[in-house]
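In what follows, a single structure is set out as structure tokens and then discussed.
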Amino acid sequence: MIPKYRIQCVGGGEMIPDMNALSCPGGHDSLLRTEYCRRRLHLAPYTGIFRYLCWLPVTRPLLPSGGPVTFAADGLARELGLSRLFISFSGYSPEHHAALATGSFKELEALPTMQRLSELGGRIPVIASAGNTGRAFAGISAQYKKPVVVVVPECAIPGLWTTTPAQDVFLVAVKGDYTDAIAVSNMLTAVPGCVPEGGAKNVARRDGMGTVMLDAAVTIDRLPDHYFQAVGSGTGAIAAWEAALRLIGDGRFGTALPRLHLAQNKPFTPLVSAWQQRRRVIDPDLDMPDASNAVQAVMSPVLTNRKPPYAIAGGLYDTLCATDGCMYAVSNDEGRAAAQILRDTEGIDPDPAAAVATAALMQAAETGAVGRDDLILLNITGGGYDRIREDYTLYPFEASATVTPDEPCDRLVAELKKWVAHYG
Ligand SMILES: *Cc1c(COP(=O)(O)O)cnc(C)c1O
């Protein structure tokens, strides 16, 4: 049987036989990328993300599942003096047929990631998260009864809930911040049966997010001229570029890459700072001075990744070069004003990150960085949380274990081993 896809090292171009690899075994500092045998996008007979099964690195869909929805945003377009504005919404809003009940596009990453791990032998992903990622993986775990280990700062627990009771989540609360949670999660990936989920390095995660661009191109019948998104790690933006490359390869959706317009939330804007100087490497002193305070001051904490995959081959720097990209810095005031306009014009209650993306579009419309009649795609990466609360019962979480960052983790590892044994 001809495999559906292969894995390629972007930096060196060589094929990687190990389907589980997260990095190049040959030592290239590079992302790996899927290369699908089918060059033409074939639509599968499912609703939601698995309509794009053709370009997802799994063989079977998880059903039913939600996906991104694309629609003409005429109200917002009028407000901004634009004529061809589309929104891709990854969140929850029955009026918009948007059915991601964890509320953000992290669910697009969680779905194929969890399915792919099942198909590749059932190892259990370990995820460190400060918010939306943890909720997305916990939500998918609850819905499909697939095990997952989630490590979060203790203060993030109230933001974790599911809409069906979660029975297969091993939740570790760390008395510390996101960086401490990452350190604990790294230790737990060594437990037999567990694997690091991989973040941006995980091809399933990027191809899941790439369905935003696929759905837009299929709905609009061509690639957009411009793509707007708020970025923390930049994984979603890299995925948008990769999906656009595939769509160009298909031949039916146009020949030009969309220009990527990416936004961060002031005062934490390392990607804006590094890209403005066209520097390949982020310099913490120059690009994120006073990082701890800056991270505290933003309205959108999901945009405060301190180690984004920027310099790595195939990463965000390459994405911005290839798409002649622009970076925007958005203040909390601009973000809040944009959120209000989005509610008034489109009836969408956005995640703060999506409000930041909308504010970047407002800047671009004002300065002429986008033309009045250009075809524009605005990625509203999350939202509808109030409506989720109205429509569903929310099940809160209790930690399976609580640890301090510096305590020896033997007990925690032993507990996790016992838990993993149930799934052996
Ligand atoms: C994570 C997240 C982002 C940023 O995505 P990256 O892929 O990390 O750049 C934007 N919006 C929402 C709602 C998110 O949860």
Side-chain angles (χ1 to χ4, degrees), residues 31 68 87-93 98 100-110 113 127-140 152 156 159-160 178 182 197-213 227-243 260-265 268-272 275 282 295 298-310 312 315-317 319-320 325 327-328 330 335 338-339 342 348-361 378-385 388:
L31 293 181
I87 281 177
S88 171
F89 181 46
S90 295
Y92 183 77
S93 169
L100 299 179
T102 69
S104 85
F105 79 160
K106 298 294 193 301
E107 192 168 327
L108 306 179
E109 306 181 277
T113 295
I127 288 129
S129 165
N132 290 352
T133 304
R135 192 172 60 249
F137 277 84
I140 296 309
V152 296
L160 280 187
Y178 179 49
I182 291 173
E197 176 276 331
K201 295 183 172 171
N202 175 347
V203 294
R205 208 161 151 164
R206 301 208 307 281
D207 289 357
M209 280 190 159
T211 60
V212 166
M213 188 65 82
Y227 170 88
F228 283 79
Q229 195 209 300
V231 291
S233 66
T235 310
I238 299 165
W241 170 44
E242 292 173 330
L260 264 48
H261 301 258
L262 309 177
Q264 292 207 291
N265 191 183
F268 187 81
T269 56
L271 296 167
V272 184
W275 177 245
I282 290 177
V295 162
V298 299
M299 72 185 273
S300 173
V302 298
L303 304 181
T304 58
N305 192 305
R306 295 189 200 204
K307 291 195 176 147
Y310 178 71
I312 190 169
L316 193 59
Y317 180 83
T319 302
L320 286 164
M327 292 288 325
Y328 298 76
V330 168
L342 201 56
I348 287 178
D349 175 28
D351 183 285
V356 166
T358 307
L361 173 59
L378 170 61
N379 189 349
I380 298 297
T381 47
Y385 300 110
I388 295 172

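Remember, it's 1-based here, ligands and their atoms both numbered in the order they're listed.
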Return yes if a side-chain donor-acceptor contact under 3.5 Å exists between Tyr385 and Asp351, otherwise no.
yes

List ligand 1 atoms under 4.0 Å from Ala230, heavy atoms only on the residue side.
4 (C), 10 (C)

Hey, what do you get for CG (Leu108) to OG (Ser88), rounding to the nearest 0.5 Å?
8.0 Å

Among non-hydrogen protein atoms, atom 6 (P) of ligand 1 lies closest to Ser233 OG, 3.3 Å

Working to the nearest 0.5 angstrom, can you tell me the gap between Leu361 CG and Tyr227 OH?
13.0 Å

Does Asp351 approach ligand 1 within less than 4.0 angstrom via side chain, backbone, both or neither, non-hydrogen atoms only?
side chain

Check whether any heavy atom of Val302 sits under 4.0 Å from an atom of ligand 1.
yes

Among all protein heavy atoms, pick the one closest to atom 14 (C) of ligand 1 and tell me residue, atom and distance.
Lys106 NZ, 2.8 Å

Can you give me the closest heavy-atom contact between Met327 and Val231, atom names plus distance?
CE-CG2, 4.0 Å

When the ring planes of His261 and Phe228 are compared, do they come out parallel, tilted or perpendicular, using 30° and 60° as the limits?
parallel

Sole residue of Val302, Val298, Thr381, Leu303 in side-chain contact (heavy atoms from CB on, under 4.5 Å) with Val356
Leu303

Just which atoms of ligand 1 are under 4.0 Å from any heavy atom in Ala353?
10 (C), 11 (N), 12 (C)

From CA spacing to verdict: side-chain contact (heavy atoms from CB on, under 4.5 Å), Leu31, Lys201:
CA-CA 6 Å; Leu31 293 181; Lys201 295 183 172 171; 4.0 Å; yes

In the protein, what heavy atom is nearest to atom 7 (O) of ligand 1, and what distance, to one decimal place, separates them?
Gly236 N, 2.9 Å

Show the atoms of ligand 1 that are less than 4.0 angstrom away from any heavy atom in Gly234.
6 (P), 8 (O), 9 (O)

Of Asn132, Thr381, Leu262, the one whose closest heavy atom lies nearest atom 10 (C) of ligand 1 is Thr381

Given Tyr310, which of Leu271, Asn305, Ile238 fulfils the side-chain contact (heavy atoms from CB on, under 4.5 Å) condition?
Leu271

Would you check whether Ala354 reaches within less than 4.0 Å of ligand 1, judged by its heavy atoms?
no

Heavy atom of the protein closest to atom 5 (O) of ligand 1 (residue, atom name, distance):
Phe105 CZ, 3.4 Å

